[in-house]
Asker: 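Attaching a single structure in structure tokens format; questions to follow.
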Amino acid sequence: MKLDDAPPDLRPHLIPKPRPGLKYRCLACGRTEPPERLHYTCPACGGLLLLEDEAGADLQERSGEFWRRLFDCRRLLNLQPLRGIFTFHEFLAPLIPLEDVVYLGEGHTPVVAVPPSFAADFGLEVFIKHDGLNPSASFKDRGMAAALSCLNHLRRTRGLKEVLAVCASTGDTSAAAALYAAALGPAVKSAVLLPRGKVTPAQLGQPLGAGARVFELPGVFDDCMKVVERLSERYEVALLNSKNPWRVLGQESYAFEAAQAFDYEMGDLALFLPVGNAGNLTAVLSGLLKLRRYGLIERLPKVGAVQSAHADPVFRYFSRPGGTRVYEPVTVRPSVAQAAMIGDPVSFPRVVRLAEEYTRQAGEDRFFAIQVTESEIMDNMIRANRSGLTVCTQGGEALAGLAAAKKLGLVRPGDRALVDSTAHALKFADFQAAYWAGGLERDYGVRTDPALVNQPLSLDLTGVPQPEAGRTQSPADRAAYVAAAAEAVARALGLSARV
Ligand SMILES: *Cc1c(COP(=O)(O)O)cnc(C)c1O
Ligand SMILES: [Zn+2]
């Protein structure tokens, strides 16, 4: 849509103007800091930071109706920097001018209704949000678009010359960081730390392809995270883990898009998210609270935080009654939801605070944590695939969480579920192959359901002339091969001859 064709009352607002108002706030000591520098922790006490908007009162002066119409109308504009998460500029990172926004195609991922045959398993309407369709094939691009746009802005306005962006990763953060840093190259370079053997081959190939320096370290993600934290304390690097509060801001766009996809009616909705470092959960809770504060939605949806029994510190904390809750990091065991295999989530203090606020506003039954088994994760991933959907193992985890929540009565028929498939299924294809081969039994405790196994079939073509790449067959050999192979396929499939 052309700007001139937009409704006249919205026209002056469609191109957002940068404004001040954001500040860092420390969750531990309450201290605030101006946004003109990159902070990952409180300079006074080392506590975790969130970015707050001081202009909140001005935003509240507009009606919810205004914001809904503005965001819906903005989606129709063909202006590159506004096509992605910056559709929601006013709620996201309003100090960044559009010229500094890095847009690679992230955001506005499809929301797809699960076919009735599969939805019947859950006993309610189910939708998948395919966040694996982001540019580096995971939701992490939302946060990276915000963080790298901020870095780009500071680079231009503060004259930063060379920037080295670093992160620890379970695979997808590094893929996203490397891609967005590459878009700002050569002044921005990236280095990523991965736990050796704990990311999939596809995920290892991604930062290598984008030109990052890739280090494989012994241990699991939690160990790499400690190394990166020490690096960011002692050296001039830009930390791109979700400790970086700009990433959390960008990931709030998931909540805004979810609201938009359901015409801002979220009262009967239940969101299911796989939880690892809890950055995504932080962002979604924070985004939902914003939507309510500014009047875009009336009722907050239910939110289910899903974890595997092999990496479940957040579940363990919330499964105890209020008042008796204590946080303890866990030692993770191998999980097929490998991108969420984290025993000591960095964003945990943020989640505790936000979950308290959320339940205060929404009601006690509207936030819950769910634990699922490794087998349930694999079964749901493959069963989703068999009903026409592709979800990653973490998407399988979120689906398994929905099934468990239904059994526990936490969601009811009449509710609608929105399940986050956080990455592309193909990144985790190796888990599917291992599942079929029965290779997940020992380390992961996953029992293969024979009904879900599918393997390539070979045909017995002994004595038939075989074609080979690079060698031309004689016409007679070719005819013999085609006839024999077609015959063998027909026999294997039990086809009946045409009459
Ligand atoms: C990072 C990641 C998660 C976990 O998100 P957190 O913000 O760390 O809780 C889940 N799924 C995928 C595919 C991821 O890449
Ligand atoms: Zn502090």
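Just follow the structure's listing: the first ligand is 1, and inside any ligand the first atom is 1.
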Asker: We want to know whether Glu90 and Tyr294 form a side-chain donor-acceptor pair, criterion being a heavy-atom distance below 3.5 angstrom.
Answerer: no
Asker: Does any N/O atom on Asn280 come nearer than 3.5 Å to any N/O atom on ligand 1?
Answerer: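 So ligand 1 has an N or O lying under 3.5 Å from an N or O of Asn280.
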Asker: Would you tell me whether Ser174 and Gln203 have side-chain atoms, one donor and one acceptor, within less than 3.5 Å of each other?
Answerer: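 On atom types as modelled, these side chains do not qualify, holding no pair under 3.5 Å.
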Asker: What angle, in degrees and rounded to 10°, do you get at the Zn ion (ligand 2) when you join it to SG of Cys45 and to SG of Cys42?
Answerer: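 It is 110°, given to the nearest 10°.
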Asker: Against ligand 1, does Ala278 come closer than 4.0 Å with any heavy atom?
Answerer: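 In this structure, Ala278 qualifies as a contact of ligand 1 - some heavy atom is under 4.0 Å.
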Asker: Return the residue, atom name and 0.1 Å-rounded distance of the protein heavy atom closest to atom 4 (C) of ligand 1.
Answerer: Gly276 N, 3.7 Å
Asker: Are there more than 12 heavy atoms of other residues, nucleotides or ligands under 6.0 Å from atom CZ of Arg25?
Answerer: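 Count over threshold, so yes.
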Asker: Tell me, which protein residue and heavy-atom name are nearest atom 8 (O) of ligand 1, and how many Å apart are they?
Answerer: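 In this structure, atom 8 (O) of ligand 1 has Asn277 N, 2.8 Å as its nearest protein heavy atom.
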Asker: For atom 1 (C) of ligand 1, which protein heavy atom lies nearest, and how many Å away is it?
Answerer: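 Atom 1 (C) of ligand 1 sits closest to the protein heavy atom Lys140 NZ, 1.4 Å.
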Asker: Does the side chain of Thr109 come under 3.5 Å of the side chain of Arg142 through a donor N or O and an acceptor N or O?
Answerer: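 There is such a pair between these side chains.
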Asker: Report the relative orientation of the aromatic rings in Phe118 and Phe122; use parallel for angles under 30°, tilted for 30 to 60°, perpendicular for over 60°.
Answerer: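 Ring orientation, 0 to 90° scale: perpendicular.
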Asker: Could you list the atoms of ligand 1 found under 4.0 angstrom from a heavy atom of Val275?
Answerer: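 What qualifies from ligand 1 is 9 (O).
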Asker: If we ignore angles and hydrogens, is there a donor and acceptor under 3.5 Å between the side chains of Asn277 and Ser347?
Answerer: no
